[in-house]
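Notes to accompany the following structure.
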Amino acid sequence: MTFNPADDIQDLQYFGEFGGVNPSISDSSTYTFLSAKTMFDTFEGNADGCYLYSRHSSPSNLYLGQALAAMEGTEAANVAASGMGAITPTLLQLCDSGDHIVSSRTIYGGTYAFLKNFASRLGIKTSFVDITKMDKVEAAITAKTKVLYCETVSNPLLEIADIYNLAKIAKKHNIKLVVDNTFSPLSVSPIKLGADIVIHSLTKYINGSSDTLGGVTCASREFIDSLKNVNNGASMLLGPTMDSLRSASVMKNLRTLHIRMKQHSQNAMYLATHFEKDGLKVVYPGLKSHSGHKLYTSMINPEYGFGGMMTIDVGTLEKANELMELMQSQKLGYLAVSLGFYKTLFSAPGTSTSSEIPLEEQISMGITDGLIRFSIGLDNNIERTYQIMKQCMIDLGVLEKVGC
Ligand code: PLP
């Protein structure tokens, strides 16, 4: 049988303390021990199944971690209070002062800022490369490199990382391939393609209701245990722990992820295809015109499609701002950062989610002034949405009335 991450989540079954169909939420920051010896063993990491203190682990976080590990096909996972709360400890656990990271240059602005401005203060240097050029990636690796870092579908340019070939390079040089899979849960399973560690911002598609932040690191049991080590684990010591009440709510939302991803993908495909036909500059990995289309087709679990993210370049920032304000007033969605909500969200990356990236670097990456990033929602009638959106574009002169 072929691997289907949604089936692996489905097969997990929990029983609450009182036979509930949802596991009971552990509303405790600390846990009792019947014997002082077990407490000592737990601190030493030798008492499996015992809880110590919720910054280390809690039953609710372990349940959610187990489900996300099943989704990504890893031995274990560690949930965090935000995506950055998963990314930063993971990289700090893998790298010491003096080490080096090779990272895709088109990544989420916060991750970029962390690598460029913060990790560098700790003596960890990063080379930013065009991740689609394997020769450039390999040439950037030095004897000090510990990590190769990328996003499966990059934020905001929607470039596709060739995970299979990046994993080959990582193995050859004995470094870890860390993949942020936030834009493509279920669609892409990076571990199956050879990645070592997969990260998600749960804030986005996985939770899907824009009511909380969250993050996860999915990896080997050994690595997850090292993140939680009481003496030197970056997650344990930096403390970006998710609260149990939140992890229980994220877990409930995870159960509908497969249905939502299909709808996001279907709606985005519809809009991308139609707006491209209308003559707009649309970037969507599901379009044949996308430079990574063939590669992405070879990587995805097809039933979840090409995802819900697309960009349209409308020429200037003024036009982009006008259009976003008009679309919001027409109830098409919200002028807001983030993604994976039931309503469409739109923002201009240059002045929002990528604003941490200096202007000249934005230009060299291809983040243009008029670029609008869309996270397409779960609209019931996407044809109707298309007509209203198109009218907005005609009203602002983004699309010509005749022939569009
Ligand atoms: N990774 C990607 C691809 C993102 O887009 C974001 C946030 O936008 C993050 C990580 C950070 O996640 P969070 O905001 O949950 O910390």
Exercise for review: List for me each residue that meets salt bridge (Lys or Arg N to Asp or Glu O under 4.0 Å) alongside Lys228, sequence neighbours excluded, and say none if there are none.
Suggested key: none
Once rounded to the nearest 0.5 Å, what's the spacing between atom [atom1] of [X] and atom [atom2] of [Y]?
X      : Y      : atom1 : atom2 : result
Gln362 : Leu371 : CD    : CG    : 10.0 Å
Met84  : Phe118 : CE    : CZ    : 10.0 Å
His293 : Ser298 : NE2   : OG    : 10.0 Å
Lys171 : Leu148 : NZ    : CG    : 10.5 Å
Thr111 : Ile87  : OG1   : CD1   : 3.5 Å
Tyr149 : Leu166 : OH    : CG    : 13.5 Å

Check your understanding: Given the rule in the side chain to side chain contact (heavy atoms under 4.5 Å, CB included) test, do Met242 and Leu64 qualify, once you have shown the distances and angles that lead to the verdict?
Key -> CA-CA 10 Å; Met242 181 178 266; Leu64 178 59; 4.0 Å; yes
Is [X] atom [atom1] crowded by more than 12 heavy atoms from other residues, nucleotides or ligands, each under 6.0 Å away?
X      : atom1 : answer
Phe33  : CZ    : yes
Glu222 : CD    : no
Lys125 : NZ    : no
Asn381 : CG    : yes
Asp135 : CG    : yes
Lys262 : NZ    : yes
Leu359 : CG    : yes

Looking only at side chains, do [X] and [Y] share a donor and an acceptor under 3.5 Å apart?
X      : Y      : answer
Ser244 : Ser247 : no
Gln10  : His258 : no
Glu383 : His274 : no
Tyr270 : Asp379 : no
Thr126 : Ser103 : no
Gln387 : Gln391 : no
Ser58  : Ser60  : no
Asn229 : Ser226 : no

N/O donor-acceptor pair under 3.5 Å between [X] side chain and [Y] backbone:
X      : Y      : result
Thr344 : Gly333 : no
Asn78  : Ile224 : no
Ser35  : Thr38  : yes
His100 : Ile141 : no
Asp196 : Leu177 : yes
Arg55  : Met236 : yes
Lys343 : Lys331 : yes
Ser210 : Phe341 : no
Glu276 : Val282 : no
Ser26  : Ser28  : no

Considering all heavy atoms of both residues, which atom of [X] and which atom of [Y] are nearest to each other, and what is their separation?
X      : Y      : result
Ile312 : Leu280 : CG2-CD1, 4.1 Å
Val178 : Ile199 : CG1-CD1, 3.7 Å
Ala140 : Ser127 : CB-CB, 4.4 Å
Arg255 : Asn22  : NH1-OD1, 2.6 Å
Ser57  : Leu62  : CB-CD2, 4.1 Å
Leu186 : Tyr304 : O-CD1, 3.5 Å

When the ring planes of [X] and [Y] are compared, do they come out parallel, tilted or perpendicular, using 30° and 60° as the limits?
X      : Y      : answer
Phe306 : Tyr284 : perpendicular
Tyr63  : Tyr14  : perpendicular
Tyr51  : Tyr31  : tilted

Are any non-hydrogen side-chain atoms of [X] and [Y] less than 4.5 angstrom apart?
X      : Y      : result
Val250 : Val79  : no
Val153 : Ile160 : yes
Met310 : Leu287 : no
Met71  : Leu257 : yes
Phe346 : Leu323 : no
Ile197 : Thr217 : yes
Met389 : Phe374 : yes
Val147 : Asp99  : no

Check your understanding: Residues in side chain to side chain contact (heavy atoms under 4.5 Å, CB included) with Asp8, at least two apart?
Key ->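 For Asp8, the residues satisfying side chain to side chain contact (heavy atoms under 4.5 Å, CB included) (neighbours in sequence not counted) are Phe3, Ala70.
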Exercise for review: Could you check Ser201 against Thr203 for side chain to side chain donor-acceptor pair (under 3.5 Å), going step by step and ending with a plain yes or no?
Suggested key: CA-CA 5 Å; Ser201 165; Thr203 316; 3.1 Å; yes
**Study point:** Verdict with supporting geometry, Asp211 and Arg246, salt bridge (Lys or Arg N to Asp or Glu O under 4.0 Å)
**Key:** CA-CA 10 Å; Asp211 57 357; Arg246 270 308 182 192; 3.8 Å; yes
Check your understanding: Going through the checks in order, is the side chain to side chain donor-acceptor pair (under 3.5 Å) test met by Glu159 and Thr132?
Key -> CA-CA 8 Å; Glu159 285 178 353; Thr132 63; 5.3 Å; no
**Study point:** Tyr296 and His290 aromatic centres sub-6.0 Å
**Key:**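 So the answer is no for these two rings.
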Exercise for review: Starting from the C-alpha separation in whole Å, work towards a yes-or-no answer on side chain to side chain donor-acceptor pair (under 3.5 Å) for Asn253 and Arg260.
Suggested key: CA-CA 10 Å; Asn253 290 353; Arg260 290 185 280 114; over 6 Å; no
Practice item. Apply the test side chain to side chain contact (heavy atoms under 4.5 Å, CB included) to residues Ile101 and Lys146: give CA-CA distance (whole Å), side-chain angles for both, the deciding distance (0.1 Å), then the verdict. Key: CA-CA 6 Å; Ile101 295 173; Lys146 288 281 165 62; 5.9 Å; no
